[in-house]
Every structure is written in C-alpha cells, then in structure tokens.
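Lettering follows sequence order; numbering is per chain, from 1.
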Number of protein chains: 2
Amino acid sequence: MSNNKLPTIKEIAKRLNVSASTVSRALHDHPSIGLVTTMRVHKVAKELGYEANKMAIYFKERKTYTIGVIIPDLSEPFFSAALTGVEDAAEASNYNVIIGQSLDNFEREKKIVENMKDHRVDGVLVSLTKETSTYEHFDSLKKYNIPVVFFDRVPNRKDINYVACNLVSGMLQAITKLVGIGHSRIGLINGPAKLAATLQRLEIYCRCLKENNLPMDQDIIVSTTLAKADNVKAIDKLLALEEPPTAIIVFNDYVLLDCIAAVKAAGLVVNKDISFISFANLPIWEYMESVPLGSIEQFANKQSSMAAEFLFQMINNANKPNSPELPLLQHIIDSEMIDYSSAK
Amino acid sequence: MSNNKLPTIKEIAKRLNVSASTVSRALHDHPSIGLVTTMRVHKVAKELGYEANKMAIYFKERKTYTIGVIIPDLSEPFFSAALTGVEDAAEASNYNVIIGQSLDNFEREKKIVENMKDHRVDGVLVSLTKETSTYEHFDSLKKYNIPVVFFDRVPNRKDINYVACNLVSGMLQAITKLVGIGHSRIGLINGPAKLAATLQRLEIYCRCLKENNLPMDQDIIVSTTLAKADNVKAIDKLLALEEPPTAIIVFNDYVLLDCIAAVKAAGLVVNKDISFISFANLPIWEYMESVPLGSIEQFANKQSSMAAEFLFQMINNANKPNSPELPLLQHIIDSEMIDYSSAK
DNA sequence: AAATTTTACGCAAACGGTTGCGTAAAATGG
DNA sequence: CCATTTTACGCAACCGTTTGCGTAAAATTT
C-alpha cells in the first residue's frame, strides 16, 4: 500500500517553517526569494520527491490541456488514421486527446459533446455522423469557450472552422486518366441518396465528364445502399447493359471489393474487360491481385492534423488577453488519385 | 464573443443573499435546507443556466474520471478494436479515455506514462511495446495510486494485473483441423527471434504437433523478419523443399498476404496445393478470394474491455475507505481458430 | 544616526464546489 | 412560561497552487 499522501507545497513549507507562497516562488526560482531559502526548498522538494500537482494548476488556469476528438468509427482505417494525425499534432503541443466514437449515431454524438463539455476540454475536433444535420449541440460549446473545428465530414454552413477535402481534383485526375487510356464510357456506382457524399460525387462526376467532353448517360449511373447484395446488384446491372461501361467510378473501396468479386463471378477480368477507380478508405490494394486503376485519396491524417493545428491556434488565441478576434479558419485539401495501374 | 463568465454557486448565492454552502446543499436537495430556499435556488440556477463545474469537483475528489490507454499503433486493426473495447467499457462507467500511441518505441512509452501521470488519470491500460523489457515506469505509477492493467502484450512478471490471450487453444484447433483433413506435414513460418511472440508460437507449435503425434521436422520451420521480401523468401524456401509441407502455420496475416502472392506466382493454388492458417490481425479475408483455412483469433476487443473492467474494479476499490486489498486480477482468454474453409 | 531603499518573506484571496460543525430562531414538550 | 429539540442556515476549512500586496528587518544612503 503506497503512502497515499503525495508531497505538497504545504508539506515542504511546514518542514522548513516558511509559507506556502515562499515555497511556490522558490520552486520557480523567483528573484524575491533569498538564495539560501530557495536552495533549502529545492533540497527538501527533491528529498520528498515533490512534483507539482498539475491538476491543481490546470484548475486554477481553467484549462485541461486536453482536446476531444469525435469520430464516427475507429474501425475505419480512415478515422484511425485521422486520430493518429490528431494525436501527433496534440503531442507536439503538449496536449492530451480524449476520444469519442459516435458510431454514426446522432444521439451518441450529442452525448459525447455533452461529456466533453463536462470534462472542460480545451477544444473539440469533429467528423460528423452521417445522421447529423443540426448543430446546436456544437453551438452550445461556445458558451463554455470551447472552440470546435470540423474535418472531413463537415456541417453545411459557412460560419464554422473546418478542414475538408475537395473531391473534384481527384475525380478529374481519374476521369482524365481514363479518357487518356481510351475510355469514353465511364459509369458511376454511387451511394444511397440520403448521404451528402452521394450527391457530391454525382455532381463532381457530371462536371468532370463535361470537362472531358463526354456525354452523360443516365443508364450507367446506378446506386447502392452499400449492403453487399446491393453492391453486387449494382455492378451486375451495369454489366448486363447492351453497351456496358468500360470503366466505373465506385463510391468507395468497400463497394468496390464486392464489385470485383462480382466481375470475376461473371467471368470477366478486372482491368481488361472493365476498369475501376474508387474512393479510398482501405489500405489493402497492395495486397490484392485485382485492384482499381487508382484510388482517390482524401488524406485523413493530413486533414485531421491540420484541423488540430487550427484548434490550437484558436485555443492559444483565446488565452491571450488582447485577442484580436481570429478569423474563421477554413481549409480545403485537394484529393489526389493514387495511381495503381503501373503497379501491376 | 461569449460572456466568458459561467455562472457559479457564488453567483447564485449573491443573488439570493444566502451562502454558497446553502446553494450547494439546495442544489442537491439536502434536507437541512428549507423548501422555499431550495426552490428559489433551483429557480435562479435554471435562469442562469447554472451547471456545476465538474473539474472543480473532480479536483476536490482527487479524481479525473479519465483513464489512459497506451497501445503501440492505432493503424493496426487489432489495436483500434482494442481501443473500441476500452471506450465501450469506459462509457458504461462514465469514464473518459485518453490515448497514447507508443509506436513500439520504449522511450515514447515512458513519455506517455509520464504524461498520463501528470494528468492524474485514474488508471492506465497498457499493451506493451515490442521493445519493453523493464517496467519501472509503470511501477512508479503506484506512488500516485494509479492502477495499471496490461492486456495482450503483457510483462513477463507475476505481480501484475493483466488480461492476455492463450494461443494454445487456437493453435491446437488449427493443427487438429489440418490433421483431420489429412495433413501430416505442417510447416511454420515464424517471426523474428527477438520477439517474444516468436518463441511462444514455436513452443506451442511443437506442443500441438506432439499432441497430434506428428513428428517435428526442422526443415519446415522457417522464419522471417516480417519484411515483405523476407516473407516471400520464407515461403519460397518451403516450397522449394523436396518434400514441401502441405499446410503452413503463418506468423500473422501480413506475412500470409505475401505468402499467398508468392504461392500464386509459383503457379500453385491456395487451399489445393497448399493450405494456410495464420494468426489474425486483419479483418480482410471475407473480401479475398484466396484465404487461409482459418485464422487464430485473439479477441482484441474482449481482452481490452475485460482489462478495462479490471481497472474499474481497482479504481472503485481504492475509493472505498476500508478496502480489503484486492487480489491480483488476472485472466487469460482462449484464442479460437475461426474457420474459413466452409466459406469458400 | 536618521531617513530611505532594498531584501525576503507572509497573508490572504482566488479557482469552484463540498462538508463538518456551530448557532440563532422557531417549534415542540412539559 | 421555561427547557429542549428541531429547523435552517452560515462559517470556515479543504483540495494544491499561484500571485498581488503588505511589511518587518536589513542594507544603503546622506
């Protein structure tokens, strides 16, 4: 059983018959304390193994040196990479990171925000739930002077701080590449209509087709609920067309995995009979034999660490007394198509 | 700009011309406070939007309701699953989780421990670095009454609290299964000698062979540094034998992925010419066409959440004044071979 | 030697809330 | 009507550290 009593400043003060304030100042080598006293204090402090109780200091400072990160799901490599990005940035600033997984559940997200408020984190980083469409729970953090920065899955609002990823650049690279190697009939397997990401992909797809002077054909645009059976149905529908696409942009890697299986089942060969480009979430293609021509990378790590930097800027700015009101911190990172076609 | 001043108990007290202690008691509906006063306090509290500053309470309680988790690498699905297990358990107990990635670096691990001590976490969960062989940095937490529970990668000591995974059960299932379907020449591709896991696998492999009355042949035991080229070299060495094994136990899934590629490159067919069983770390086999016959699952989530339960037991026990000195909390979970042979 | 400055330290409040103890005033008992 | 209990609240300490201000004693100046 350990002593249970950690040495405090008062303890040192008592032993030396001086006041706690003298000890505190001596420990910081404050000039107003005599040299001998300072040395005696240091000596006793060392003997007792004294260490300042940071929680007491933090409490006085009204800070916790902790930030919260709210993400949908750690089992997604995208988000675990994002968390790592945050942790790296936080470590560099001597901050701690507490996590909360919303599991794409709005109520959980609210609860996590509440909890982080209770713990008085110095700031919050969020990647939203798919369900989230109202933001009062984040607005309420303003009352506690807790800044919020969103990343990747960000609210559809102007008055927020965020880092997001622009899918246009990657999609443009993808379609340009496909056109470059001779494809002119490029399909799209999109996600469920209710997801913002779905609409976004459709818009960008159309734009990029146009930029490449390709016609748009509704027949080669299909969607899936993201369920496995539905993914297969979607790709089969395209393959069954009279004139099937020769290349397909796929909603994400999970969908693509099912598509590849279906293509093989149909006796076709990936990258010969049909080519794919998808939106990256899985770091697995280097191990697979059938791979997409490329993946549109959204740089989870880069997004999250930049969001963390923004957050620290806001936190530090708030600490300065004459803070000149920071402008909104917003940044959009370009996605990039990672080319796999040369790899195999 | 928000008001910067959150309402406090003192603020309420001032408005009602009562003392802070009365307000505090009224807010908790303490019987010694008159009904009218209590109601007036509640009313003003509501008007002001008063919420207790938990940090102040925690500081007084000398608790933080936060536990720390130290794991090697979040990008490994095993550890992100483990973290999720911890978070689930923590949420159920109203605790927060702060994370630290050691990146398999001993110095980082020490630094993280130090940091968590500074933040006075109520307890720590650890899965050790591959480099860690001394444990003073954890012992030092005793001084602060911070309990520690290890999981999965645990110290080689008796006097610790831990949850670990027993590989024997899974390996035995694996070899028994292989024997059952006619294999009698079962190889082993092991990891680098310096890893504890390597020695462990070798021992268990030998034991399980013996239990199935199979002879041991040094020729079909090879090792790899875990680098891709070396993985390929290892499997090629086995395939080049006069009498190659018909089944191989592989160190882990990463190694196996390279092995499968090498087998295909050699013109052989997985699960026909040669079969594999590996130690699971990747949740990818459901998407692959060539899969091992089975994977030995070590239940990251179960291990970590049980470790968290242990930790909470220790924390709660320490809070009780007449704590009857908890015994060491130790548990070993059986690994299990997950059978994929029927799936394809 | 008296006046002034400097040195070296203590007091007390502050952060926000909790709690043991003391005590007026009101209610009850005899 | 006096003695005792109950009711309802305030005081002050506490958690551990920091910091503005005040002040004796010592050192310096004249």
Enquirer: Check every strand shown and say whether B:Tyr58 touches a base, only sugar-phosphate, or nothing at a heavy-atom separation below 4.0 Å.
Expert: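 No contact.
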Enquirer: Looking for any heavy atom pair under 4.0 Å, which part of the strands does B:Val23 touch: base, sugar-phosphate only, or nothing?
Expert: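 Answer is nothing: B:Val23 stays at 4.0 Å or more from every strand.
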Enquirer: Counting any heavy atom closer than 4.0 Å, what does A:Ser32 reach on the DNA or RNA strands: base, sugar-phosphate only, or nothing?
Expert: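 Base: the residue A:Ser32, judged by heavy atoms under 4.0 Å, touches a nucleobase.
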Enquirer: Which comes earlier along DNA chain C counting from the 5' end, the contact point of A:Ser21 or that of B:Ala20, where each point is its nearest nucleotide?
Expert: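 Of the two residues, A:Ser21 wins.
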Enquirer: Within this structure, what is the CG-to-P distance between A:Asp29 and C:dC9, rounded to whole angstrom?
Expert: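 In whole Å, C:dC9 P lies 13 Å from A:Asp29 CG.
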Enquirer: Roughly, in whole Å, what's the span from NE2 in A:His30 to C1' in C:dC9?
Expert: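 In whole Å, C:dC9 C1' and A:His30 NE2 are 12 Å from each other.
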Enquirer: Any carboxylate oxygen within less than 4.0 angstrom of a Lys/Arg side-chain nitrogen, looking at B:Arg15 and B:Glu11?
Expert: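 Here B:Arg15 pairs with B:Glu11 in a salt bridge, since their nearest N and O are under 4.0 Å apart.
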Enquirer: Between B:Glu11 (CD) and C:dG17 (C1'), how many Å, whole number?
Expert: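 Result: 15 Å.
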Enquirer: How close or far is atom C1' of C:dT18 from atom NZ of B:Lys60, stated in whole angstroms?
Expert: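 Value for this atom pair: 4 Å.
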Enquirer: So that I know where these two stand, are B:Tyr65 and B:Tyr58 an aromatic pair - ring centroids less than 6.0 Å apart?
Expert: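 Yes; B:Tyr58 has its ring centre under 6.0 Å from that of B:Tyr65.
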Enquirer: With a 4.0 Å limit, can you tell me whether B:Thr22 has a side-chain N or O closer than that to the phosphate oxygens OP1/OP2 of D:dC9?
Expert: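 Answer is no, no contact under 4.0 Å.
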Enquirer: Less than 4.0 angstrom from a charged side-chain N to a carboxylate O is my criterion; do A:Glu47 and A:Lys43 meet it?
Expert: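 Yes, A:Glu47 and A:Lys43 are salt-bridged.
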Enquirer: Name the orientation class of the two ring planes belonging to A:Phe312 and A:Tyr95 (parallel below 30°, tilted from 30 to 60°, perpendicular beyond 60°).
Expert: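 The rings of A:Phe312 and A:Tyr95 sit tilted, inter-plane angle from 30° to 60°.
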Enquirer: From the set D:dT18, C:dT18, C:dG16, return the single nucleotide nearest to any side-chain atom of A:Ile9.
Expert: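 The closest nucleotide is D:dT18.
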Enquirer: Could you work out which one of D:dT17, D:dT19, D:dC11 sits closest to the side chain of B:Arg25?
Expert: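 For the B:Arg25 side chain, the nearest candidate turns out to be D:dC11.
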Enquirer: With axes from five pairs an end, tell me the bend angle of the helix from C:dA1-D:dT30 to C:dG30-D:dC1, nearest 10°.
Expert: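 The end-segment axes of the helix from C:dA1-D:dT30 to C:dG30-D:dC1 are tilted 60° relative to each other.
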Enquirer: Tell me: NZ of B:Lys10 to C1' of C:dA14, nearest whole Å?
Expert: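 To the nearest whole Å, that distance equals 7 Å.
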Enquirer: Under 3.5 Å, is there a donor on one side chain and an acceptor on the other for A:Ser21 and A:Ser24?
Expert: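 A:Ser24 and A:Ser21 do not have a side-chain donor-acceptor pair below 3.5 Å.
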Enquirer: Can you tell me how far C1' of D:dT17 sits from CD of A:Glu61, to the nearest Å?
Expert: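 Between C1' of D:dT17 and CD of A:Glu61: 10 Å.
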Enquirer: Between atom CG in B:Asn53 and atom C1' in D:dC15, what is the gap in whole Å?
Expert: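 After rounding, the gap between these two atoms is 14 Å.
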Enquirer: Using whole Å, report how far OH of B:Tyr50 lies from C1' of C:dT18.
Expert: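 After rounding, the gap between these two atoms is 10 Å.
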Enquirer: Nearest 0.5 Å, please: how far is CD1 in B:Ile146 from NZ in B:Lys142?
Expert: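 Nearest 0.5 Å value for the NZ-CD1 distance: 12.0 Å.
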Enquirer: Return the 5'-most residue of the pair B:Thr37, B:Phe59 with respect to DNA chain D, ranking by each residue's nearest nucleotide.
Expert: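 On the 5' side of the pair lies B:Thr37.
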Enquirer: Answer yes or no: is there an ion pair linking B:Glu114 with B:Lys117, defined by an N-O contact shorter than 4.0 Å?
Expert: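 Salt bridge: yes.
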